[in-house]
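See below for the structure under consideration.
To find a chain, count down the sequence lines: A is the first, B the second, and so on, and within it residues start at 1.
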Number of protein chains: 2
Amino acid sequence: MTEFNEKQIEILQVAEQLFAEEGFDGTSVRDIAKKANINIAMISYYFGSKEKLLESLVLYRISGMRMHLENLYQENISPIEKIEKLIVYYIERVNKNRCMYQILHFELSNKKREINLEAFTEVKNQNLKFLEGIIKEGQEQGMFQSDINVTLLPTIIIGSFIHFQMNKVYYKEILGLKTEEDFENYVLNDLTAHIQKTIKALLVYEK
Amino acid sequence: MTEFNEKQIEILQVAEQLFAEEGFDGTSVRDIAKKANINIAMISYYFGSKEKLLESLVLYRISGMRMHLENLYQENISPIEKIEKLIVYYIERVNKNRCMYQILHFELSNKKREINLEAFTEVKNQNLKFLEGIIKEGQEQGMFQSDINVTLLPTIIIGSFIHFQMNKVYYKEILGLKTEEDFENYVLNDLTAHIQKTIKALLVYEK
DNA sequence: AATTAATTTAAACAAACGTTTAATTTAAAC
DNA sequence: GTTTAAATTAAACGTTTGTTTAAATTAATT
């Protein structure tokens with residue numbers, strides 16, 4: 001993969017923020033150029049086109065999304081504690097890459113552009129493998145139930161988190177979270193704890 | 001509220017599909033006019049502008065989104081069965097209004113347009129009230145735990161569902177769902193059951 | 001110091017955008 | 001049947017869009 005120089009990374013970061021806030025089609029190359037303090041032509045010069053800028057951005061971000069779970073997997077703690085930690089990792093990753101997730105969320109369901117998501121699929125599959133390992137360990141120790149749909153566990157974790165973020169305005173109002181800080185704290189404490197509790201409950205729940 | 005005539009509803013439906021598939025900014029009034037077999041000027045004539053068309057669309061759809069839960073609430077079944085049914089209702093509603101949810105999901109996080117979502121908030125709050133009632137009933141009967149964060153229950157239900165829909169391509173591949181029908185069936189059977197199980201587990205889970 | 005390559009610029013390009021106009025057709029009211 | 005209103009049309013409006021050009025500047029190489 002081609003590396004990006006400082007100027008290119010600056011453009012990528014500005015583009016990421018704008019694409020997330022205004023959408024890809026809602027952002028013009030002039031908007032990007034203005035915010036990044038560069039000439040419009042630099043976008044074509046460096047990336048080829050606006051669409052290829054998006055492709056570069058997706059590639060650039062996803063390559064840094066891999067979670068490093070090897071250590072967690074081998075830690076000498078109970079499977080239930082591993083699950084708790086894993087959920088924190090999941091949420092941290094989605095939270096850190098909020099903008100990219102927002103962009104992907106839209107692009108995934110947009111019929112007019114097709115972006116290569118192999119790298120993203122690979123990351124997800126790898127995380128799923130780790131999760132499977134932990135679940136299996138818990139099942140062997142008799143702590144978790146046997147009929148667990150592992151594929152749908154990250155669905156709950158990430159889905160709940162993203163839905164909460166997307167409906168920020170609503171949740172801020174209904175939960176009485178006045179500042180951005182209040183919201184951020186709620187996400188990292190209450191919401192995370194709630195998701196942890198949910199997954200743990202599901203793992204030990206018997207019909 | 002002003003009623004819409006047949007022609008207007010036709011335009012609204014076409015616009016809904018296109019906005020969901022290509023995004024608001026990715027859809028031109030010419031696209032809408034072409035697909036609806038009308039002249040471009042008719043959009044301004046009927047709705048004023050493209051933005052006002054979106055406003056009309058949101059209003060038109062959300063007014064029909066209210067779930068009618070009065071009967072469910074009074075049915076002579078256990079709280080746990082009520083929860084199961086309620087989840088089916090939730091999923092049915094989101095599934096039926098998939099396009100609108102997709103549009104809202106994007107518009108909610110788009111900084112450049114502000115759409116009035118009072119009606120949507122009202123619908124959500126009302127559904128939350130019903131849910132609260134059922135949870136309370138279950139708690140009084142000693143079936144549910146006492147420390148339930150009711151606000152975050154729909155978050156899990158709707159968030160998981162939407163996330164699953166958004167990542168359709170990925171899940172179709174990983175779950176071996178070949179046709180659209182396979183996918184739809186998985187959603188209405190497996191995914192729904194999984195969400196039901198998750199919520200039930202959470203309600204009875206003791207630390 | 002001279003030459004080559006890489007970067008940056010302002011200007012121009014055609015195409016597409018949302019909206020408006022003024023003329024025409026259709027429907028309704030009298 | 002005439003008049004008035006509503007619906008529909010093609011054409012044009014001024015902007016904005018993404019991209020390209022060719023000239024100017026800066027950096028790297030010899």
Might you work through the ring-ring contact (aromatic ring centres under 6.0 Å, His included) test for A:Phe183 and A:Phe164, ending with a clear yes or no?
-> CA-CA 10 Å; A:Phe183 183 79; A:Phe164 194 84; 5.4 Å; yes
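For the salt bridge (Lys or Arg N to Asp or Glu O under 4.0 Å) test, residues two or more places apart in sequence or in another chain that qualify with B:Arg61 are B:Glu16. Listed by chain and residue number, B:Thr179, B:Asn185 satisfy the side chain to side chain contact (heavy atoms under 4.5 Å, CB included) test with B:Glu181 (two or more places apart in sequence, or in another chain). Remark: B:Lys82 pairs with B:Glu137 by the salt bridge (Lys or Arg N to Asp or Glu O under 4.0 Å) rule, at least two apart or across chains.
Between the side chain of B:Asn110 and the main chain of B:Phe106, no donor-acceptor pair closer than 3.5 Å is present. Within the 3.5 Å criterion, the main-chain N or O of B:Thr27 finds a donor-acceptor partner in the side chain of B:Lys50. Between the side chain of A:Asn97 and the main chain of A:Arg93, a donor-acceptor pair closer than 3.5 Å is present. Using modelled atom types, no side-chain atom of B:Gln126 and backbone atom of B:Val123 make a donor-acceptor pair closer than 3.5 Å.
D:dG18 atom C1' lies 12 Å from atom CG of A:Leu53, rounded to whole Å. Nucleotide C:dT26 holds its C1' atom 11 Å from the NZ atom of B:Lys7, rounded to whole Å. Rounded to a whole Å, the CZ atom of A:Arg113 is 11 Å from the P atom of D:dG18. For B:Ile38 and C:dT25, the CD1 to P distance is 20 Å, given to the nearest whole Å. The separation between A:Lys112 atom NZ and C:dC17 atom C1' is 12 Å, rounded to whole Å. What separates CD1 of A:Ile11 from P of D:dG18 is a distance of 15 Å, to the nearest Å. Taking atom NZ of A:Lys52 as the reference point, atom P of D:dG18 lies 16 Å away to the nearest angstrom.
Atoms CD and CG, from B:Gln102 and B:Leu104 in turn, are 10.5 Å apart once rounded to the nearest 0.5 Å.
Within residues 19-34 of chain A, the residues that have a heavy atom under 4.0 Å from DNA chain C are, in order of number, A:Arg30. The stretch residues 39-50 of chain A comes close to DNA chain D through A:Ile40, A:Ala41, A:Ser44, A:Ser49, A:Lys50, each having a heavy atom under 4.0 Å from the strand.
The ring of B:His163 has its center no closer than 6.0 angstrom to the ring center of A:His163.
A:Glu6 CD: 12 or fewer foreign heavy atoms inside a 6.0 Å radius.
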Base-pairing string, 5' to 3', of DNA chain C - Watson-Crick or wobble, under 3.5 Å, | interstrand = ||||||||||||||||||||||||||||||
